[in-house]
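Working notes, structure below.
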Amino acid sequence: MHFVFRLIAFTMLFASMSLASAAPAFEVEAICRTAIASIMGRDPKMMQVTRTVGDVLFLTYVRPMDNFVWTYRCRIEGNRVVWASEPGRWRDDPKDDEVFFEVVGAGKQLRIIENHGDGSSTKQLFDRDTIL
C-alpha cells in the first residue's frame, strides 16, 4: 500500500512539472498585441489590451497623427490568431488570411505568420524586449 501511495505521489509530481514546463513563453496578451500590430503595420508596444471577455481580448491603438482610437478583438485558437476590428466580423472565413504565431529562439522571440489568400505568406520576427 505504501508503494502505491509513493507511485501516485510521483505521478502527480511528474504531471505537475510537465504542465509547468508546457506554459507558453508569451502571454496571450503579448501574442494578440503583436499579431494585431504586425497585421496593421504598427509597433506592438502601442497596442493596449483594454479588457477581456472570456477568451476574447479587446485591444486599442491610438494613431499619433490624429489621436483616432482603433479597436480590435483577438482570440487564440491553438497557434492561430483570430481577430476582428471593432465593430466588424471575425476574420475566420476560409477566404480570409490566416494568422499564426510561433515561439522561437528558445522562447525569446515571437514569429507572426500571415498566410494570404493568394498563396503567399508574410513572416515577422519580434524579440521579447520589443514586445513587452
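Just so you know, residue 1 is the first one in the sequence shown, and it goes up from there.
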Shared ILVMFWY cluster between Tyr72 and Val53, side chains joined below 4.5 angstrom?
-> no
How far apart are the C-alpha atoms of Arg33 and Leu132, what are their side-chain angles, what is the distance that settles it, and do they pass the side chain to side chain contact (heavy atoms under 4.5 Å, CB included) test?
-> CA-CA 10 Å; Arg33 284 188 313 102; Leu132 304 178; 4.2 Å; yes
To the nearest 0.5 Å, atom CD1 of Ile31 lies from atom CD of Glu102 at 11.5 Å
Donor-acceptor contact present, side-chain Ser120 to main-chain His116, <3.5 Å | no
Mark yes or no for whether Asp66, through its side chain, and Phe68, through its backbone, hold a donor-acceptor pair below 3.5 Å.
-> yes
So do the side chains of Arg91 and Asp97 get within less than 4.5 Å of each other, counting heavy atoms only?
-> no
Taking all non-hydrogen atoms of both residues, which atom of Ala84 and which atom of Gly88 are closest, and how far apart?
-> CB-O, 4.0 Å
Is it the case that one hydrophobic cluster holds both Phe100 and Phe126, taking links as side-chain heavy atoms less than 4.5 Å apart, direct or via other members?
-> no
If you measure from SG on Cys32 to CZ on Arg73, what distance do you get to the nearest 0.5 Å?
-> 12.0 Å
Would you kindly confirm whether Val99 and Leu110 end up in one hydrophobic cluster when ILVMFWY residues are joined by side chain heavy atoms under 4.5 Å apart?
-> yes
Less than 3.5 Å apart, which donor and acceptor atoms pair up between the side chains of residues 35-43 and the rest of the protein, not counting sequence neighbours?
| from | atom 1 | to | atom 2 | distance (Å) |
| --- | --- | --- | --- | --- |
| Ser38 | OG | Gln124 | OE1 | 2.5 |
| Arg42 | NE | Tyr61 | OH | 3.3 |
| Asp43 | OD1 | Lys45 | N | 3.0 |

When rounded to the nearest 0.5 angstrom, what distance separates CD in Glu29 from OG1 in Thr34?
-> 11.0 Å
What distance do Gln48 atom CD and Leu57 atom CG have between them, rounded to the nearest 0.5 Å?
-> 12.0 Å
List the steps, then state whether side chain to side chain contact (heavy atoms under 4.5 Å, CB included) holds for Thr122 with Ile113.
-> CA-CA 6 Å; Thr122 306; Ile113 304 149; over 6 Å; no
Value rounded to 0.5 Å, distance of CD in Glu27 from CD1 in Ile76 = 11.5 Å
Should Val62 and Met47 be regarded as members of a common hydrophobic cluster, given that ILVMFWY residues are connected when their side-chain heavy atoms come within less than 4.5 Å of each other, either directly or indirectly?
-> no
Shared ILVMFWY cluster between Phe101 and Val82, side chains joined below 4.5 angstrom?
-> no
Which one of Thr52, Thr50, Val49 satisfies the side chain to side chain contact (heavy atoms under 4.5 Å, CB included) criterion with Phe58?
-> Thr50
Side-chain donor/acceptor of Arg128 to backbone N/O of Ala25, under 3.5 Å | yes
Quick one: are Cys74 and Leu59 in side-chain contact, heavy atoms under 4.5 Å?
-> yes
Please report the shortest heavy-atom distance between Trp70 and Arg63, naming the atom on each side.
-> CZ2-NH1, 3.5 Å
